[in-house]
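Here the structure is laid out as structure tokens; the discussion comes afterwards.
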Amino acid sequence: MALRNIREEGDSILLKKSRPVVDFDKRLHILLDDMRETLLQAGGVGLAAPQVGVLRRAVLVMDTNKEGLTDEEQIIELINPRIVESDGEQTGQEGCLSVPGVYGIVTRPEHVRVRAQDRFGNAFECEGTGLTARCFCHELDHLDGHLFTELAQRLLTEEELQEMSGEE
Ligand code: NI
């Protein structure tokens, strides 16, 4: 496994649409293993392949609703994911590893159900509420070249950011 560089806002690859994964081969597995390591090291809750410079429809989402799991065990690998059901609404803070130091207020569905394939090509469905639902939506947006800053009603101010870091 190896760490990959996380692309940051201003890099045009983040604005491009990713292509479906068609080969569930060793190359995909290496990409996913590297993405897992990169996500854990960065301390995020999700990562999409274009964020490491690969325009393929593959994302990782951490299922933070599941208690008693290690960070590594919380990671769900989603290949060619699509949202098949969404309901409710939540408005809250959101950030992105590709937009460091910036947080915004974004409205997302409260619950989503996602259909995807695993790293071997097997179809499965999973669902999430709250932060996990937010994360599914955020990561899937990356596959279509969208960043949360486009959706944010507003970005947090310097004071709000300081309050946030003070809470940690
Ligand atoms: Ni992001």
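Atoms within each ligand, like the ligands themselves, are counted from 1 in listed order. Positions are given from 1 along the sequence.
Here the straight-line distance linking atom NZ of K26 with atom CZ of R119 works out to 9.5 Å at 0.5 Å rounding. Put simply, CD1 on I6 and CE on M35 are 9.5 Å apart, with the number rounded to the nearest 0.5 Å. For the atom pair CG (L97) and CD (Q51), the distance works out to 6.0 Å, reported to the nearest 0.5 Å.
Protein atoms that are N, O or S and lie under 2.8 Å from the Ni ion (ligand 1) are these: C96 SG, H138 NE2, H142 NE2.
A donor atom on one side chain and an acceptor atom on the other are not found under 3.5 Å apart for Q41 and T38.
For H146 and H142, the ring centers are positioned 6.0 Å apart or more.
Checked against salt bridge (charged side-chain N to carboxylate O under 4.0 Å, His left out), E125 has the following partners two or more places apart in sequence or in another chain: R113, R115.
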